[in-house]
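Indexing begins at 1, ligand by ligand and atom by atom, following the structure's order. Keep in mind that what you see is a predicted model, and the values were worked out from it rather than measured.
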Amino acid sequence: MELASGRVHVIGAGLAGLSAAVRLSRAGLNVSVHETAKHAGGRCRSFFDDALDATIDNGTHLLLSGNREVLDYADLIGGAGELHHAPRAAFEFKDLEAKDSWCVDLGASGGLSLIRWLWDTRRHPPGLKPAGFLSDVWALRGGRDKSVAACIDSSSHLARNFWRPLCLAVLNGEPTESSAYLLWAMLRRSVLKGGAFAKPVFAPDGLGAALVDPALAVLSGLGAEVHFQRRITKLDIEGAHVGSIRFANAAEVLSENDAVILAVPHQNVAELIEGVDAPPGSNAILNVHYRIAQTVDEPRMLGIVGGETEWLFQRADIVSVTISAANAWMDKDTDAIAHTLWPEVAQALDINGDALAYRVIKERRATFAATPEALALRPATRTHLKNLYLAGDWTDTGLPATLESAAMSGRLAAEAVMRDMAR
Ligand SMILES: Cc1cc2nc3c(=O)[nH]c(=O)nc-3n(C[C@H](O)[C@H](O)[C@H](O)COP(=O)(O)OP(=O)(O)OC[C@H]3O[C@@H](n4cnc5c(N)ncnc54)[C@H](O)[C@@H]3O)c2cc1C
């Protein structure tokens, strides 16, 4: 396929922007990436933290073996070797209140393995009965305009021990507020296909090493321009096109064959362009990273119920607390947060004494608020302007605001540009 000779301007070097830019560069197009920060990766970035004396991710991310878009992207950029696949979809849980523990062990295979799992009580959370589970799943499937809570029996043990932790992890929202449809979308791509599609995938050296640095290397090798610290302030509209891109005291006028992929987070869209919908609300995520004396060879994770902590992830000697839908935590003092949560970590991991160091990271706008109402405000890849395309976890991928959605949105935007530029 011969492509027109235009330049594609990708605004935002998060996973969505990188996914688009790499594909377009590989197809031989001229690509310029404009990123406001000093670094790429957006919400999925790694950095060296002096307090912890370690490289950490800004937020601990869970990937699953069913996240085909991210895994394909990692393959494309040569980052797949940086990802560690757990041998089975086994998720350990501790109940700090009831002093109980269990493992949700979906096994390692696909096909009918879910049926075997449903009838094997040793691999369940307490309170899971096959009929109740299947009826909840069926209700979620039909819950296009409903919340998760409206589709499940919220007072059940299953809701406390399984649906709420899953909903918080996947949708970054409480079941009362979060879209049943989006939870269903995640379930049908992973859990419901069996353990083979729900194995945790970790990045032992951080997400940057797996998903960001290799993409920058590919872009550099292909001659793409990547401009850091270049904040785009406005896209000027001329007729049915974006006519120019404005940034600090300068503007780049676009030629007839140029295109723009807007890959910024949902909350930044309105200031850049008029007439493009984006989900209005955001939910926060709180991560507290502690350095501890005990180290592990392989990354591991632990689900927590009956406390404030929702998940613990450990990589080497850094153990990280994740709390989703954490809006109420954002204005609290960081030291107080670290001291409040440490006793839960110590209880869950049987640690005596204090953490050696800690770092609290508040992401106020970690994802859009995945309410049923927000679905209608997720725009498609193509826009009302002929040369403007959208990418980002908030666009209408049919998936929750995740790395999977971001990677997919970038692929869809690149494909749309290439189709439109084909001669
Ligand atoms: C704490 C935390 C935990 C998470 N946990 C998970 C998880 O477990 N699993 C999962 O799959 N997902 C998780 N996510 C979500 C995941 O990180 C995002 O869905 C994904 O990174 C979004 O990528 P993106 O490219 O759409 O947006 P972003 O990563 O936000 O990238 C957008 C980029 O645009 C840049 N930008 C903004 N405005 C401008 C401008 N005017 N000019 C130029 N550049 C601009 C930004 O600096 C940024 O680099 C988590 C997110 C957070 C914050």
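- The closest non-hydrogen atom to atom 38 (N) of ligand 1, taken over Val264, Leu272, Thr397, Thr367, comes from Val264.
- Judged by the shortest distance from any of its heavy atoms, Ser405 lies outside the 4.0 Å radius around the atoms of ligand 1.
- Taking the six-membered ring where the residue is Trp, Phe91 and Trp311 present perpendicular rings, their angle passing 60° and hence far from 30°.
- A donor-acceptor pair under 3.5 Å links the side-chain atoms of Arg315 to the main chain of Pro204, judged by distance alone.
- For the residue pair Arg160/Ser156, the side-chain donor-acceptor check at 3.5 Å is not satisfied.
- Side-chain contact annotation: Gln294 with Asp317, donor-acceptor N/O pair under 3.5 Å absent.
- Ligand 1 has an N or O atom lying under 3.5 Å from an N or O atom of Leu403, backbone or side chain.
- Using a 4.0 angstrom heavy-atom cutoff, Leu63 does not count as in contact with ligand 1.
- The Ala401 neighbourhood of ligand 1 comprises atoms 15 (C), 19 (O), with distances under 4.0 Å to a heavy atom of that residue.
- Residue-ligand proximity: Arg45 is placed with every non-hydrogen atom at 4.0 Å or more from ligand 1.
- Between Arg246 and Asp236 there is a salt bridge, since at least one side-chain N of the basic residue sits less than 4.0 Å from a carboxylate O of the acidic one.
- Taking every non-hydrogen atom of Gly392 and a distance limit under 4.0 Å, the qualifying atoms of ligand 1 come out as 26 (O).
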